[in-house]
J.: 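Sharing a structure, written as structure tokens. Questions coming.
Whatever order the structure lists them in is the order used to number ligands and atoms, beginning at 1. Numbering starts at 1 and runs along the sequence shown.
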Amino acid sequence: MEIKNICCIGAGYVGGPTMAVIAQKCPDIKVTVVDINEKRIAAWNDDNVNNIPIYEPGLAQIVSEARGRNLFFSTDVDAAIDKAEMIFISVNTPTKTYGIGKGMAADLKWIELCARQIASVAKNDKIIIEKSTLPVRTAAALKDILYNTGNGVKYQILSNPEFLAEGTAVKDLLNPDRVLVGGDIDTEEGRQAVKALCDVYRRWVPDNHILTTNVWSSELSKLTANAFLAQRVSSINAMSQLCEKTGADVNEVAKALGMDSRIGSKFLKSSVGFGGSCFQKDILNLVYIAKSFGLNEVADYWEQVIIMNDHQKRRFADNIIKTLFNTVSGKKIAVLGWAFKKDTNDTRESAAIYVADHLLNEEAEVAVYDPKVEEAQIYSDLNYLGTRSKEANRKNSQVYSDPYEACKDAHAIAVLTEWEEFATYDWEKIYDNMLKPAFIFDGRDLLDIQKMMKIGFIIKSIGKPTELKVLADSTALAS
Ligand code: UDX
Ligand code: ADP
């Protein structure tokens with residue numbers, strides 16, 4: 001089957017960057033990204049390519065190269081479905097907030113709506129690709145909807161999970177460790193559909209990085225990959241607390257571990273807790289699937305990764321309160337970083353939201369600065385938790401566009417995202433404008449502890465011994 005038109009439903013963090021790269025690499029294929037969110041599509045079409053709705057290093061450049069040539073953003077979902085031979089479904093699948101499976105199962109409402117829409121519009125055979133992370137066996141549900149509401153059109157359903165990480169999406173898409181394509185490989189039609197998708201990726205991904213499996217293996221591999229990655233972060237975060245008690249340094253422990261080739265060095269960076277749209281959601285999904293098969297030990301095992309992560313966020317906030325003489329009431333606390341990691345404007349499940357919420361409960365005045373997150377998003381994240389009224393969130397938290405203003409007259413600074421610019425600030429100036437003692441709580445181990453202590457700060461960094469000494473020669477640390 002020759003692919004001339006690709007449609008992607010969902011112009012978010014996954015659909016946007018993925019389609020931009022496909023369009024860049026396949027100039028002969030027309031790629032149309034559609035979304036029901038008019039504002040989002042308008043932003044993707046903004047004349048100034050720097051105003052596209054998603055911040056990812058390198059993305060604006062790729063969009064500017066392909067947009068209008070063979071990359072299009074539109075709200076006309078039906079027209080794009082009709083023309084395409086291949087449809088990627090890249091809509092959001094958040095954790096259910098109601099009914100059966102509340103707080104655990106993925107909400108497939110949007111996926112189902114897409115399937116129904118495809119079924120009502122399609123006039124010729126289509127390849128449907130699950131791009132969003134979905135619970136295992138969603139493909140079967142999709143098939144049911146498509147075949148039972150359709151008009152004799154044939155569908156092949158493939159699973160092609162996205163492994164890109166935000167902040168490095170373009171890099172990950174251009175040089176993926178692997179591309180996974182799951183399909184109905186027992187039938188000729190299934191094999192042809194798998195081949196058609198692999199042929200798209202083959203334009204820039206080496207053959208030995210393209211893996212084909214059956215649909216279920218593909219769906220489960222995605223959940224498992226995220227669960228394993230999150231588990232590593234929770235494991236090192238569990239150790240960070242022990243390090244603080246014993247005088248060990250979590251970075252040294254991580255380095256020693258990571259040099260074991262069986263373990264490897266990635267995803268061993270201790271932090272204030274993992275965030276993002278995938279880790280928590282996918283593990284909850286796994287827990288839910290395990291429970292639904294009666295596999296309670298399997299469910300408990302994975303759930304512990306989430307429990308550890310919640311604990312890490314909570315203890316970070318508690319430590320601020322305890323250190324500030326057991327009260328933060330009326331005290332200005334500057335929060336540097338709101339995104340769930342650097343180089344993205346995505347804030348979903350960001351640790352910063354939970355830390356700030358906890359501090360607000362203790363009546364702190366929270367002053368937020370993030371280089372890429374907009375003010376409205378910060379308030380919307382706080383309001384979404386529903387801990388207090390919108391008015392109370394507005395009153396007790398301030399969003400700043402200047403980090404020095406955010407830190408002025410603060411009792412403490414909490415570094416919650418590892419934005420590199422934070423390390424380059426004039427920390428002497430920040431210190432001079434703060435109340436004393438001036439505290440820093442570094443949730444990302446970003447700042448140079450010795451430098452900060454020499455300036456006069458009292459600094460507490462994740463996984464570092466609680467009693468830190470100023471060394472006469474800070475290079476002594478390196479030896
Ligand atoms: C993740 C997976 O990495 C990606 O393959 C999948 O497609 C989607 O989910 P993402 O959520 O974008 O990607 O970011 P990731 O880099 O995995 O980080 C997730 C969270 O873990 C972030 O909050 C990050 O700060 C934290 N983290 C990561 C750590 O605290 N320590 C680490 O060593 C690594
Ligand atoms: P992800 O990180 O998975 O890409 P996002 O929330 O960033 O998640 O993007 C998902 C996008 O899918 C949103 O912009 C949303 O408006 C869009 N979407 C959800 N349901 C539909 C639908 N039925 N038709 C078109 N777009 C949809």
J.: At under 4.0 Å between heavy atoms, which part of Lys222 makes contact with ligand 1: side chain, backbone, both or neither?
T.: side chain
J.: Can you report which non-hydrogen protein atom sits closest to atom 22 (C) of ligand 2, along with the distance?
T.: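 Answer, as residue, atom name and distance: Ile36 CD1, 3.8 Å.
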J.: Suppose I only count heavy atoms of Ser271 and a 4.0 Å limit; which atoms of ligand 1 are within that range?
T.: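 Once the distances to Ser271 are compared, the set is 29 (C), 30 (O).
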J.: Among protein heavy atoms, which lies nearest atom 33 (O) of ligand 1, and at what distance?
T.: Lys269 N, 2.9 Å
J.: May I ask you to say whether Glu166 pairs ionically with Arg348, meaning some side-chain N is under 4.0 Å from a carboxylate O?
T.: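 Judged by the 4.0 Å cut-off on N to carboxylate O distance, Glu166 and Arg348 do form a salt bridge.
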J.: Looking at Ala84 and Lys126, what are the two nearest heavy atoms and their distance?
T.: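 For Ala84 and Lys126, the tightest heavy-atom pair comes out as O-NZ, 2.8 Å.
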J.: Look at atom 8 (C) of ligand 1 and say which protein heavy atom is nearest, naming residue and atom and giving the distance to 0.1 Å.
T.: Cys278 SG, 3.3 Å
J.: Below 30° counts as parallel, above 60° as perpendicular, anything between as tilted: where do the rings of Tyr147 and Tyr155 land?
T.: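 The rings of Tyr147 and Tyr155 stand perpendicular, inter-plane angle above 60°.
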J.: Once you restrict to heavy atoms under 4.0 Å, what part of Leu268 touches ligand 1? Side chain, backbone, both or neither.
T.: backbone
J.: Under 4.0 Å from a heavy atom of Ile9: which atoms of ligand 2 are those, numbered in the order shown and with their elements?
T.: 24 (N), 25 (C), 26 (N)
J.: Say whether Phe279, considering both its backbone and side-chain N or O atoms, lies within less than 3.5 Å of an N or O atom on ligand 1.
T.: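 Min N/O separation from ligand 1 is not below 3.5 Å for Phe279.
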J.: Answer side chain, backbone, both or neither: which part of Val91 comes under 4.0 Å from ligand 2, heavy atoms only.
T.: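 For Val91, backbone and side-chain atoms both sit under 4.0 Å from ligand 2.
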J.: Return a yes/no value for Arg348: is any of its N or O atoms, backbone included, closer than 3.5 angstrom to an N or O of ligand 2?
T.: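 Yes, at least one N or O pair falls under 3.5 Å.
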J.: Atoms of ligand 2 less than 4.0 Å from Ser90 heavy atoms?
T.: 10 (C)
J.: Heavy atoms only: which of Asp346, Ile236, Leu164 lies closest to atom 6 (C) of ligand 1?
T.: Leu164
J.: According to the interplanar angle, ranging from 0 to 90°, do the rings of Trp204 and Tyr201 count as parallel (below 30°), tilted (30 to 60°) or perpendicular (above 60°)?
T.: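 Rings of Trp204 and Tyr201: tilted, as their planes differ by 30° to 60°.
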J.: Check Glu244 with Arg315, please: is the shortest side-chain N to carboxylate O separation under 4.0 Å?
T.: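 Salt bridge present between Arg315 and Glu244.
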J.: Can Gln312 and Ser240 be counted as having a side-chain donor-acceptor contact under 3.5 angstrom?
T.: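 Per modelled atom types, Gln312 and Ser240 side chains form a pair under 3.5 Å.
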J.: What heavy-atom pair brings Val415 and Phe316 nearest, and what distance separates the two atoms?
T.: O-CZ, 4.5 Å
J.: Between Asp442 and Lys460, is there a side-chain N and carboxylate O pair less than 4.0 Å apart?
T.: no
J.: For Ala227 versus Ile283, what's the shortest heavy-atom pair and its separation?
T.: CA-CG1, 3.9 Å
J.: Report yes if Phe163 has an N/O atom closer than 3.5 Å to an N/O atom of ligand 1; otherwise report no.
T.: yes
J.: Working note: Asn160 + Glu130, criterion side chain to side chain donor-acceptor pair (under 3.5 Å); need CA distance, chi angles, decisive distance, verdict.
T.: CA-CA 6 Å; Asn160 172 221; Glu130 303 175 342; over 6 Å; no
J.: Relative to ligand 1, is Arg348 under 4.0 angstrom through side chain, backbone, both or neither, heavy atoms considered?
T.: neither
J.: Quick one: which of Glu421, Glu418, Glu420 gives a side chain to side chain donor-acceptor pair (under 3.5 Å) with Lys342?
T.: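 Going through the options one by one, the only one that passes is Glu420.
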J.: Which class fits the ring pair Phe279 and Phe267: parallel under 30°, tilted 30 to 60°, perpendicular over 60°?
T.: tilted
J.: Tell me, which protein residue and heavy-atom name are nearest atom 14 (O) of ligand 1, and how many Å apart are they?
T.: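 Protein heavy atom at minimum distance: Lys341 NZ, 3.2 Å.
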J.: Measure centre to centre between the rings of Phe72 and Trp44, then say whether the value is under 6.0 Å.
T.: no
J.: When you compare ligand 2 with Arg40, is there at least one nitrogen or oxygen pair between them that comes in under 3.5 angstrom?
T.: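 The answer is yes, given that Arg40 and ligand 2 share an N or O pair closer than 3.5 Å.
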J.: Mark up the atoms of ligand 2 that fall under 4.0 Å of a heavy atom belonging to Gly12, in ascending order.
T.: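 It comes down to these atoms of ligand 2: 4 (O), 5 (P), 7 (O), 9 (O).
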J.: For atom 12 (O) of ligand 1, find the nearest protein heavy atom and state the residue, atom name and distance (0.1 Å precision).
T.: Glu166 N, 2.7 Å
J.: What protein heavy atom is closest to atom 27 (N) of ligand 1, reported as residue, atom name and distance in Å?
T.: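 For this ligand atom, the closest protein heavy atom is Val233 CG2, 4.0 Å.
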J.: Do any nitrogen or oxygen atoms of Asp35 lie less than 3.5 angstrom from nitrogen or oxygen atoms of ligand 2?
T.: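 By distance alone, the answer is yes.
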J.: Which of the numbered atoms in ligand 2 are under 4.0 angstrom from any heavy atom belonging to Trp110?
T.: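 The atoms of ligand 2 under 4.0 Å from a heavy atom of Trp110 are 19 (C), 20 (N).
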J.: Should the proximity of Asn226 to ligand 1, defined as any heavy atom under 4.0 Å, be assigned to the side chain, the backbone, both, or neither?
T.: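 Only the side chain of Asn226 comes within reach of ligand 1.
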J.: Does an N or O anywhere in Val14 fall below 3.5 Å from an N or O of ligand 2?
T.: yes
J.: Report yes if some N/O of Ser277 lies less than 3.5 Å from some N/O of ligand 1; otherwise report no.
T.: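 So ligand 1 has no N or O lying under 3.5 Å from an N or O of Ser277.
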J.: Considering the heavy atoms of Asn37, write down every atom of ligand 2 situated less than 4.0 Å from one of them.
T.: 16 (O)
J.: Quick one: does Glu56's side chain have a donor or acceptor within less than 3.5 Å of a partner on Gly167's backbone?
T.: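 Present.
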